[in-house]
Colleague: 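A single structure is presented below for examination.
These numbers were taken from a predicted model, which means no experiment stands behind them. Protein chains get the first letters and strands the later ones, always in sequence-line order, with residue 1 at the start of each.
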There are 2 protein chains.
Amino acid sequence: MSVQKSSLYKGLLEPIIMQLLKENGRMYGFEITQKVKEITQNQLQITEGALYPLLHRLEAEGVLDASMETFGNRVRKYYSLTTKGKKQTAGALKEVQSFVETLQILFKPKLT
Amino acid sequence: MSVQKSSLYKGLLEPIIMQLLKENGRMYGFEITQKVKEITQNQLQITEGALYPLLHRLEAEGVLDASMETFGNRVRKYYSLTTKGKKQTAGALKEVQSFVETLQILFKPKLT
DNA sequence: TTGTATACATAAGAATCTTATGTATATTTG
DNA sequence: CAAATATACATAAGATTCTTATGTATACAA
């Protein structure tokens, strides 16, 4: 498998979730894992052991709101950004964008 | 201080070092910390507790070569990429570049 | 002589992830 | 129709990677 060395993504799971919820309004955990896989073309596969505890923490911190919904006999837990979460997301995403720009500078192939 | 949330850089220290050594040939630890600070405009400040153990590990793995040099009464430990290290760096840096592109896709502001 | 800078090093603890495991339902396939 | 795969949540143990704190030593400036 040519799956990305996932350690590169350490610390980025939280902003990724916030970005997705900002764009899509409302998502459930499993949906997030699928969406990330799709967008990154399988380069990043979020594990459940990383995702669910993080969602719980963000809910406890008042960044996310959660509500259960039943589809047939299947239960989904939908998450969305709270007002506080939206404010926090704005700042966090700016930081990430600045971070990405810095990475481009750091890893720009030298013109020899 | 508007220093970057450094947790974003988790997992990137190793490729950063490899990139710098690839470009500059030969550097010592303290020099690396200063160079990174300069390039990132203070957004990333590598701590010694992170850097030195990592350099030791890379040396033990045969990725880096080390040699001491004395300047007056001051000792510096210079590191450079071994042949093995150069091969590994080529692959690792491609991965990082692909990673950075993925980040741009993930965090590209939506055109509404 | 006190503080700041250079230069290395290590240890304890925190944060964040992987791997493994568990529960439960739905759907596809041999 | 049994077994495998997919959906959907959850948690615990352990690994990795970093921060913070501390230590040693020299050089130079205030």
Colleague: Tell me: OH of B/Y52 to C1' of D/dT22, nearest whole Å?
Modeller: 15 Å

Colleague: Given C/dA7, is OP1 or OP2 found less than 4.0 Å from the side-chain N or O atoms of B/R76?
Modeller: yes

Colleague: Before accepting this row, confirm whether a basic side-chain N of the pair A/E61/A/K84 lies closer than 4.0 Å to the acidic partner's carboxylate O.
Modeller: no

Colleague: Where each residue is assigned the nucleotide of DNA chain D containing its nearest heavy atom, which of A/V75 and A/P53 is assigned the position nearer the 5′ end?
Modeller: A/V75

Colleague: Does B/F71 have B/R76 sitting over its ring (NZ/CZ under 6.0 Å from centre, angle to axis within 45°)?
Modeller: yes

Colleague: Going by an N to O cut-off under 4.0 Å, is there a salt bridge joining B/K35 and B/E23?
Modeller: no

Colleague: Could you tell me how far apart B/K10 (NZ) and C/dA15 (P) are, to the nearest whole angstrom?
Modeller: 9 Å

Colleague: How long is the line joining CD1 of B/I17 and P of D/dT17, in whole Å?
Modeller: 12 Å

Colleague: Taking NZ from A/K77 and P from D/dT7, how many angstroms apart are they, rounded to a whole number?
Modeller: 20 Å

Colleague: Both B/G49 and B/R57 contact DNA chain D. Which one's nearest nucleotide lies toward the 5' end?
Modeller: B/R57

Colleague: Give a yes/no answer on whether the side chain of A/R74 brings an N or O atom under 4.0 Å of OP1 or OP2 in D/dA6.
Modeller: no

Colleague: Nearest-Å distance, OH (A/Y9) to C1' (D/dT17)?
Modeller: 18 Å

